[in-house]
Amino acid sequence: MLEDKMANKSTLDDVFSNRTGQNSSVPCPFTETRENPLKKYAHMRQSQLGDSKPYYRSVLWWSGVVLMGVGELGNFAAYGFAPASLIAPLGCVSVIASAVISVAFLKETLRASDIIGGALAVMGTYLLVTFAPHASTHITAHLVQRYAVSWQFLIYLFLEVILFSILLYLYKRRNIKHITIVMLLVALLASLTVISVKAVSGMIAESIKGQLQLTYPIFYVMLVVMVASCAFQIKFLNQAMKMFDATEVVPINFVFFTASAITAGIVFYQEFRGLALLNILMFLFGCLLSFIGVFLIARDRPKIKTENITFIAMGKIPGRRSKDQVQPEAKSNTYGSLAAKLMCNKPGPQDDS
């Protein structure tokens with residue numbers, strides 16, 4: 001009987017943790033599948049083998065973490081050598097690769113929408129690479145300082161701060177928890193992230209080439225902006241993943257992030273200067289195809305099936321309405337009447353057998 005109680009408690013703890021999103025050892029099925037299938041494969045393999053050791057002691061899981069780190073490092077380095085308006089939309093390639101790897105390793109079903117979405121994303125990627133601006137200027141400290149005080153960026157930054165303040169007021173004060181508001185907050189922060197990441201990466205690249213840029217204060221200003229914007233961006237994104245389904249968050253985040261990154265590249269780094277109108281239209285058309293492709297791949301993804309366990313509402317838990325009686329009564333070292341009753345009715349050792 002005691003073993004049954006412990007098993008039921010463990011099961012209920014899993015239900016509560018999955019509902020609140022606070023069980024860090026159980027990753028979100030969609031995010032792990034879309035972003036790092038190897039980590040998700042490690043979790044599934046460990047569960048099937050009945051291995052009770054923590055997931056962070058798995059070599060396969062750490063392989064996924066290392067590969068993800070290498071990918072992010074490559075993405076960071078890419079901003080130093082190519083326009084931001086080209087790097088950001090190419091994120092759809094990771095979605096396609098994750099879908100292919102998920103079918104091969106995680107044995108997910110290949111749907112017709114996956115094939116169509118992948119084809120559209122590939123076509124969009126081709127148009128992006130073909131018609132995007134390819135001329136990338138050398139990012140130096142003097143150039144970043146000049147761009148930072150340009151009138152177009154100051155107007156853009158002012159409008160972004162105003163919009164961010166309004167959205168934050170609606171989200172925090174008015175308690176409007178709409179997915180568009182949360183994802184716009186993430187996108188506005190992502191715009192600053194792209195600007196600062198490209199500045200930091202570009203100045204590091206120039207320093208490696210022999211022109212030291214790390215002695216200028218603007219480098220450390222951009223470094224602080226990069227870390228802060230990334231931290232708050234992850235915070236709001238995690239909140240969105242807890243409140244909404246991942247099949248909604250991932251495609252909307254990709255669209256908003258790409259749009260903000262392109263806008264940041266155009267306004268701050270003036271990447272579309274001198275670009276022909278046909279190139280701009282075809283570039284935007286490639287972005288549209290990529291957006292549709294990611295949406296088709298992300299929508300209605302199959303979820304991990306869980307046991308049908310009856311959920312106990314908090315209002316049905318005994319003692320909720322009399323919780324004041326559980327605390328010690330005034331001028332007494334003993335607990336209240338409700339606690340005393342529970343202690344009197346506690347089963348003996350013979351009842352647990």
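Owing to the predicted nature of the structure, the values given are computational and were not obtained by experimental measurement. This chain uses plain numbering: 1 for the first residue, then up along the sequence.
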State plainly whether one hydrophobic cluster holds both [X] and [Y], where clusters connect Ile, Leu, Val, Met, Phe, Trp and Tyr through side-chain heavy atoms under 4.5 angstrom apart.
X	Y	answer
Ile139	Val197	yes
Ile162	Leu189	yes
Met203	Val149	no
Ile155	Leu157	no
Tyr79	Ile208	yes

Quick one: pull up [atom1] in [X] and [atom2] in [Y] and give me the separation to the nearest 0.5 Å.
X	Y	atom1	atom2	result
Leu185	Leu163	CG	CG	8.5 Å
Leu159	Phe164	CG	CZ	15.0 Å
Phe244	Ile179	CZ	CD1	5.5 Å
Ile204	Gln213	CD1	CD	11.0 Å
Ser85	Ile266	OG	CD1	6.5 Å
Leu281	Leu275	CG	CG	10.0 Å

Are the aromatic rings of [X] and [Y] close, with centres under 6.0 Å apart?
X	Y	answer
Tyr216	His142	yes
Phe254	Phe291	yes
Phe131	Phe283	no

Taking side chain as C-beta onward, heavy atoms only, is [X] less than 4.5 Å from [Y]?
X	Y	answer
Pro133	Leu86	no
Leu237	Met183	yes
Ser196	Leu223	no
Ile181	Leu168	no
Phe272	Asn279	no
Met282	Thr130	no

Test your reading of the model: is there a side-chain donor-acceptor pair from [X] to the backbone of [Y], 3.5 Å cut-off?
X	Y	answer
Ser150	Tyr147	yes
Asp114	Arg111	yes
Asn238	Ile234	yes

Non-hydrogen atoms of [X] and [Y] that approach each other most closely:
X	Y	result
Pro89	Ile262	CG-CD1, 4.0 Å
Phe153	Val267	CA-CG1, 3.9 Å
Cys92	Ala121	SG-O, 4.3 Å
Met222	Val144	CE-CG1, 3.6 Å
Gly80	Ser201	N-OG, 3.2 Å
Ala82	Ile87	CB-CD1, 3.7 Å

Whether over 12 other heavy atoms sit under 6.0 Å from [X] [atom1]:
X	atom1	value
Phe236	CZ	yes
Phe232	CZ	no
Met123	CE	no
Lys177	NZ	yes

Side chains of Glu160 and Tyr156: donor-acceptor distance under 3.5 Å anywhere? yes

Under the side chain to side chain contact (heavy atoms under 4.5 Å, CB included) rule, what do His138 and Phe81 come out as? Steps first, then yes or no, please. CA-CA 8 Å; His138 296 281; Phe81 299 97; over 6 Å; no

Side chain to side chain contact (heavy atoms under 4.5 Å, CB included) assessment of Phe256 paired with Ile252: CA-CA 6 Å; Phe256 283 9; Ile252 294 177; 3.9 Å; yes

Could you walk me through whether Tyr171 and Gln239 pass the side-chain hydrogen bond (donor to acceptor under 3.5 Å, both in side chains) check? CA-CA 11 Å; Tyr171 179 69; Gln239 293 178 0; 2.5 Å; yes

After noting the C-alpha distance and the side-chain angles of Thr193 and Ser229, does the key distance pass the side-chain hydrogen bond (donor to acceptor under 3.5 Å, both in side chains) rule? CA-CA 6 Å; Thr193 302; Ser229 60; 2.8 Å; yes

Dump the intermediate steps for side chain to side chain contact (heavy atoms under 4.5 Å, CB included) on Ser191 and Thr263, then the final yes or no. CA-CA 8 Å; Ser191 178; Thr263 304; 5.8 Å; no

Criterion side chain to side chain contact (heavy atoms under 4.5 Å, CB included) on Cys287 and Leu128, from CA distance to verdict: CA-CA 7 Å; Cys287 290; Leu128 289 171; 3.4 Å; yes

